[in-house]
Protein chains: 2
Amino acid sequence: MRLSTKGRYAVTAMLDLALNGKTGPVTLAEISENQGISLSYLEQLFAALRSKELVRGVRGPGGGYYLGKSADEISIANIICAVDEWVEFTRCGGRQNCSGGARCLTHTLWDDLSTEIFNFLADISLGDLVRRNLNKKQEEDGSLSIVPQSSSQAA
Amino acid sequence: MRLSTKGRYAVTAMLDLALNGKTGPVTLAEISENQGISLSYLEQLFAALRSKELVRGVRGPGGGYYLGKSADEISIANIICAVDEWVEFTRCGGRQNCSGGARCLTHTLWDDLSTEIFNFLADISLGDLVRRNLNKKQEEDGSLSIVPQSSSQAA
DNA sequence: TAAATACCGACTGAATTACTAGGTAATAAC
DNA sequence: GTTATTACCTAGTAATTCAGTCGGTATTTA
């Protein structure tokens, strides 16, 4: 799976949406200002997120974006795959001098790594990050509640 | 850590070197032909690998490249870091609206992932891949020895 | 001396990133 | 109904990276 700053922008924006969208829709203008991402770039990212139904847009004054599903149902992998479109690392279909050679070995290595990364990110939901933020805020406020993070499964 | 096709090229080339370099130095021309990577691009990659002492070059006719250390002492992470130069994901030094915000949360998430990937790749050595190749060849030859892979630790 | 190899630097087309510019469409407030 | 606000859409663009080409120089073996 591809990991770029683009995916990070998307995750950051979605997290902003999850944190601030509890009382109503959040405009891209707000996210843009909060996170220092250009408005038009956000529009591009959200077009991709919308097509995967990770967010829902509402037009007109007072409009903005909602999460498309609950924060616990959206994994980080979902978000990244939406904007970064999972390019399968060039798989050798048995072609060339691939069998038994260095190239094929590297392919399987990369596939393993790819799976590893995916599982890591698929196992963390937006909801997890939100809760992490709440815990952190509590610590900052002087509270000592170090609550173990509940890890929900979102594929 | 950055993961690109560049790193994959480097790993592939190093694996080719490990597999074919037991009897003498391997020329970049050979690797270029084996792996379908342009000679000049290989030169660039090997300049980086050489500066990290992962390979050792010998000039003149009959020359080529040796591994700089034993295959078990070279981890995949070593190789990738040599050519892809580990760009630390823009860390917020407490600046801006970062504390408690979505941005900082995303940063820690990315740091965690980065560590995860690094550990995965640091735990696999070139030697492991070579042994994997030998096992595979034995299976192809009809032998049934499914030997558990010894996993050596190379940092 | 000649050939083979590593080694070195500048340049290049293609792709991607992050962004700008300039729209149209829907909807709430007046 | 008009207007303002928002999402939504398309095209273009500077900077960067990737992967490669080209044209060298330095070293060593035959």
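A, B, ... follow the sequence lines: proteins, then strands. Residue 1 opens every chain.
In this entry the distance linking CG of B/Leu42 with C1' of C/dA6 reads 13 Å, nearest Å. Between the CG atom of B/Leu45 and the P atom of C/dA6 there is a distance of 14 Å, given to the nearest Å. C/dA18 atom P lies 8 Å from atom NZ of A/Lys6, rounded to whole Å. Per the geometry, OH belonging to B/Tyr66 stands 13 Å off C1' belonging to C/dT5, to the nearest Å. The CG atom of A/Asp84 sits 13 Å away from the C1' atom of C/dA18 (whole-angstrom rounding). Between the P atom of C/dT17 and the CD1 atom of A/Ile80 lies a distance of 13 Å, rounded to the nearest Å. Atom pair B/Leu17:CG and C/dA6:C1' shows a separation of 14 Å (rounding to whole Å applied). Atom OH of B/Tyr41 and atom P of C/dA6 are 18 Å apart (whole Å).
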- Query: Do B/Gln35 and B/Tyr9 pass the side-chain contact (heavy atoms from CB on, under 4.5 Å) test, and can you show the C-alpha distance, the side-chain angles, and the key distance before you say yes or no?
  - Reply: CA-CA 9 Å; B/Gln35 305 302 331; B/Tyr9 274 106; over 6 Å; no

Between the protein and nucleotides 7-10 of chain D, list every N/O to N/O distance that falls short of 3.5 Å.
residue : atom : partner : partner atom : Å
D/dA7   : OP1  : A/Leu28 : N            : 3.0
D/dC8   : OP2  : A/Tyr65 : OH           : 2.2
D/dC8   : N4   : A/Glu43 : OE2          : 2.7
D/dC9   : OP2  : A/Arg50 : NH2          : 2.8
D/dC9   : N4   : A/Glu43 : OE1          : 2.9

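The side chain of B/Pro61 lies closest to D/dT28, out of C/dT20, D/dT28, D/dG20.
The backbone N or O of B/Ala13 lies less than 3.5 Å from no partner atom in the side chain of B/Asp16, so there is not a single donor-acceptor pair. A donor-acceptor pair under 3.5 Å links the side-chain atoms of A/Ser32 to the main chain of A/Ile37, judged by distance alone.
Within 6.0 Å of the CD atom in B/Glu43, the count of heavy atoms belonging to other residues, nucleotides or ligands exceeds 12.
For the pair B/Leu129 and B/Leu19, the minimum side-chain heavy-atom distance is 4.5 Å or more.
Between A/Asp84 and A/Arg8 there is no salt bridge, since no side-chain nitrogen of the basic residue lies less than 4.0 Å from a carboxylate oxygen of the acidic one.
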